[in-house]
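These values consider heavy atoms only, across backbone and side chains, with no hydrogens, waters or symmetry-generated copies.
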Amino acid sequence: MEYRLLTLWHFAAPRRPVFDAVFDSLQWPAWWPGAEQVEHLAEGDADGIGAVRRYVWKGRLPYRLCFVARTTQIETPRVLAAEVDGDLAGSGRWTFSHEAGITTVRYEWRVRTTRVWMNALAPLTSGIFARNHHATMQQGGEGLARRLGARLVDAFYGELP
């Protein structure tokens, strides 16, 4: 099953600290409930392209997701992107913009499930899986706000066209 999920966070914070906290995914378990483990597997080039990390996530549902992400794009402090493979396969892309004291974080998650049981249940549970993702992202936005000592002004969770 393919998912095309969108998250928008708006923080009353400068862009660079927001970017830096998202970029440093090894620290996510310290502030993002659901990010159970992040392990650095391989260095990338001098710019960080090609770096590989393994992620283990646990949302509200009774299962964990494990995948490996390979960094494909870094434009400090505007863009981070990676290709993922494992329980999920596809791509994630973070973009960061700043205007009038508000940093907007846009996360696009375009993945498909690879587990047989998830694909078999998808016709009945795809909405539940998407809501679980959105709840995990809400926890991330709240955790990042605490980490930064900033205010999460608002957030949006939905589907990409």
Any chain of hydrophobic side-chain contacts (each under 4.5 Å) joining F156 to L160?
-> yes

Closest approach of L152 and E142, non-hydrogen atoms and distance?
-> CD2-N, 3.9 Å

Would you give the length of the straight line joining atom CD of Q73 to atom CD of E75, rounded to the nearest 0.5 angstrom?
-> 4.5 Å

Closest non-hydrogen atoms of S91 and E83, given as atom of the first, atom of the second and distance, are CB-OE2, 3.7 Å

Following the transitive rule for hydrophobic clusters with a side-chain heavy-atom cut-off under 4.5 Å over Ile, Leu, Val, Met, Phe, Trp and Tyr, establish whether L26 and L144 coincide in one cluster.
-> yes

Is there a side-chain contact between T76 and I74, using heavy atoms and a 4.5 Å cut-off?
-> yes

Measure up the Y157 and H134 rings against each other and bin them: parallel (under 30°), tilted (30 to 60°), perpendicular (over 60°).
-> tilted

If you measure from CZ on R15 to CZ on R78, what distance do you get to the nearest 0.5 Å?
-> 7.0 Å

At their closest point, which heavy atom of L61 faces which heavy atom of N132, and how far apart are they?
-> N-OD1, 3.3 Å

Check the angle between the aromatic planes of W28 and Y55 and answer parallel, tilted or perpendicular using the 30° and 60° thresholds.
-> tilted

Find out if a path of hydrophobic residues (ILVMFWY) with successive side-chain heavy-atom gaps under 4.5 Å connects M137 to Y63.
-> yes

Under 3.5 Å donor-acceptor, R64 side chain and V56 backbone | no

Under a single-linkage definition using a 4.5 Å side-chain heavy-atom cutoff for Ile, Leu, Val, Met, Phe, Trp and Tyr, are L124 and V116 assigned to the same hydrophobic cluster?
-> no

Under a single-linkage definition using a 4.5 Å side-chain heavy-atom cutoff for Ile, Leu, Val, Met, Phe, Trp and Tyr, are M1 and V84 assigned to the same hydrophobic cluster?
-> yes

Summary of salt bridge (Lys or Arg N to Asp or Glu O under 4.0 Å) pairs that have at least one residue in residues 96-122, sequence neighbours excluded | D87-R115, R106-E108, E108-R110

CG-CG distance between L8 and D154, expressed to the nearest 0.5 angstrom = 8.5 Å

So, the side chain of T95 versus the backbone of V79: is there a donor-acceptor pair under 3.5 Å, distance only?
-> no

Nearest-0.5 Å distance, CZ of residue R60 to CD1 of residue I128 | 13.5 Å

T103 (side chain) donor-acceptor with F11 (main chain) under 3.5 angstrom = no

Tell me, do L80 and F96 make a side-chain contact under 4.5 Å, heavy atoms counted?
-> yes

Which atom names give the shortest non-hydrogen contact between D24 and R53, and what distance separates them?
-> C-NH1, 4.4 Å

Could you tell me the separation between the CE atom of M118 and the OG atom of S126, rounded to the nearest 0.5 Å?
-> 10.5 Å

Are the side chain of N119 and the backbone of T113 linked by a donor-acceptor contact shorter than 3.5 Å?
-> yes

Shortest non-hydrogen contact between W9 and A155, atoms and distance = CD1-CB, 3.9 Å

Heavy-atom check, side chain of R4 versus side chain of E159, under 4.5 Å | no

Which residues share a salt bridge (Lys or Arg N to Asp or Glu O under 4.0 Å) with R146, sequence neighbours left out = none

Please name the pair of heavy atoms, one in S25 and one in V38, separated by the smallest distance, quoted to 0.1 Å.
-> O-CG2, 3.4 Å

Between the CZ atom in F67 and the CZ atom in R54, the distance rounded to the nearest 0.5 Å is 10.5 Å

Assign the ring pair H133 / W109 to parallel, tilted or perpendicular, where the plane angle (0 to 90°) is split at 30° and 60°.
-> parallel

